[in-house]
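Counting from 1, the numbers follow the sequence of the chain as shown. We count ligands from 1, going down the list as the structure has it; atoms in each ligand are counted the same way. Below, each value reflects all heavy atoms present in this structure, side chains not excepted, and no hydrogens, waters or symmetry copies.
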Amino acid sequence: MSEYLKCIACGAEYSLNELRYQCDCGGLLSVERDMKQLQSISTKDLDQRLLSRKAHDISGVWRFREGIIPFDEDKLVSQPEGQTRLYRRKGISSWANIDRFFLKHEGENPSGSFKDRGMTTAITQAKKLGADTVACASTGNTSASLAMYAAHAGMNAIVFLPDGKVASGKLAQALAYGAKCLAIKGDFDQAMAFVKRLAMDGKVYLANSLNPFRVEGQKSIIWEIFQNLEWKAPDWIVVPGGNLGNTSAFGKAIREAYEAGWIQKKPRLATIQAGGANPFFQAYQNNFEKLTAMEAETVATAIRIGNPVNYEKAKREIQELDGIVISVSDEEILAAKKIIDSQGIGCEPASACSLAGAKNLVQGGIIKPSETVVGILTGHLLKDTDNIDKENQPIPVDGNYQDILKAISS
Ligand SMILES: *Cc1c(COP(=O)(O)O)cnc(C)c1O
């Protein structure tokens, strides 16, 4: 097997078959591979798979399997996920002042968020290692995704949620799929610490993005964008940042695709944080000297995270790819969401950071209006129905035709 786990801090290596989430030194682990294996797969090979009817070719994750993780076909836990659409709208382009602006809608995944891309890999790996109980801490979408994949694989799921801070659509999913849901008095970061301890004690298999297999699956968002754009990389990828799993995955995906020869130039990466939950932005501003954890608060509950576990990985990717980190206000997020919704696309609040951030970067002269930009919509509109525009409300009408005529003309 040419893949192995490597510590990003000290370089120690471990086998993929070993159950571990971190290096002995405490550093984050990354799945690394012999790049010759990827170089032997051409973009033509990858395009050919779009014509196949096999589940692992239809999946927008496993289509890129040589660059994801090794799997046995009979142990693959796939829905199949990915294969999300790329949207382009005049109304959005003109609002952001970017002509070639695309939105990749990861809310079109089976559980309604991009988390499925990392969950299919984490649960496939859990099955390979013989795990029977999987767990995560979550701001909502990870728990919905974990519950879905665990149900599919016949495993028990335990999810830790910050009490009262999870959008109702997400909690409903986790409950419906049969996960044991613990509503923790405390925030995401405290829930994360508990589940990490349980995993280190060997009681559960950890499916948070601290798990390096999650990050491997999420790389496929970027590879699918390249494939959607006929292997012409955009100038910019813009993504919301919370726990920074995507920022880490995207940087790795860009580097690996370039090394594999799938793209001829690397896009730049912009991570967008919410103003009330922006520890990564603050660290970026002081040249990544240190991360200062904060108490997070934002309307975008999916990214209400004050102590991102993937900080070290994300920092490395932003530095290596000449990336950028900015912070936008809740007002900017909701304004961007309103535009996305009004164009018949729709997303949950955190996702709208991509558009709010892109607009902000154009205004600041960092993104040029002539550049090609892809923003990621991380979650579906129906995940969080409390934060839709309140101006448009149902009109009460009595059940008679005259009232109806009056209502439609008012
Ligand atoms: C998890 C999540 C995020 C944050 O992604 P990270 O990889 O943790 O930075 C953003 N938006 C939505 C909708 C999410 O579910």
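In the vicinity of Asn243, heavy-atom distances shorter than 4.0 Å reach the ligand 1 atoms 6 (P), 8 (O), 9 (O). Distances below 4.0 Å separate heavy atoms of Ala350 from the following atoms of ligand 1: 11 (N). Shown in contact with Glu348 at under 4.0 Å from a heavy atom are these atoms of ligand 1, numbered in order with element: 13 (C). For ligand 1, the atoms closer than 4.0 angstrom to any heavy atom of Gly245 are 6 (P), 7 (O), 8 (O), 9 (O). Atoms of ligand 1 found under 4.0 Å from any heavy atom of Gly242, numbered from 1 in the order shown, are 4 (C), 6 (P), 8 (O), 9 (O).
Proximity of Ile303 to ligand 1 is established by a heavy-atom distance of less than 4.0 Å. Within the 4.0 Å heavy-atom shell around ligand 1 one finds Gly241.
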Stepwise salt bridge (Lys or Arg N to Asp or Glu O under 4.0 Å) check, Arg88 with Asp99:
CA-CA 9 Å; Arg88 194 176 174 193; Asp99 179 39; 3.7 Å; yes
Determine whether Tyr21 and Phe213 satisfy the following criterion, ring-ring contact (aromatic ring centres under 6.0 Å, His included), listing intermediate values before the conclusion.
CA-CA 9 Å; Tyr21 312 100; Phe213 299 98; 9.1 Å; no
Between Arg33 and Glu216, is the salt bridge (Lys or Arg N to Asp or Glu O under 4.0 Å) condition met? List the steps.
CA-CA 11 Å; Arg33 57 183 44 81; Glu216 287 310 288; 3.2 Å; yes
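Using modelled atom types, one finds a donor on one side chain and an acceptor on the other under 3.5 Å when comparing Ser209 with Asn310. Between the side chains of Glu81 and Tyr149, a donor-acceptor pair is found at a separation under 3.5 Å.
Of the listed residues (Val309, Ile376, Thr378), the one carrying the non-hydrogen atom nearest atom 13 (C) of ligand 1 is Thr378.
Annotation: Phe226 is not in aromatic contact with Trp262 [ring centroid separation under 6.0 Å not met].
Considering backbone and side-chain atoms alike, Asn141 places an N or O below 3.5 Å from some N or O of ligand 1. Annotation: Ile305 places no N or O atom under 3.5 Å from an N or O atom of ligand 1; distance criterion only. Checked by distance only, ligand 1 and Asn246 come closer than 3.5 Å through their nitrogen or oxygen atoms. In terms of polar-atom proximity, Gln218 is not counted as a contact of ligand 1, lacking any N or O under 3.5 Å from an N or O of the ligand. Residue-to-ligand polar distances keep Ala302 apart from ligand 1: every N/O pair is separated by 3.5 Å or more.
Nearest protein heavy-atom contact of atom 2 (C) of ligand 1 is Lys115 NZ, 2.5 Å. Here the heavy atom of the protein found nearest to atom 5 (O) of ligand 1 is Phe114 CZ, 3.5 Å. Of the protein's heavy atoms, Leu244 N, 3.5 Å lies nearest to atom 6 (P) of ligand 1.
In this structure, His105 and His380 have tilted ring planes: the angle between them lies in the 30° to 60° band.
A donor-acceptor pair under 3.5 Å is absent between the side-chain atoms of Asn211 and the main chain of Asn208, judged by distance alone.
Every residue meeting the side-chain contact (heavy atoms from CB on, under 4.5 Å) condition with Asp24, not counting sequence neighbours, appears here in chain and number order: Tyr14, Arg20.
Put simply, the residue from Lys265, Lys368, Arg100, Arg268 that forms a salt bridge (Lys or Arg N to Asp or Glu O under 4.0 Å) with Asp235 is Lys265.
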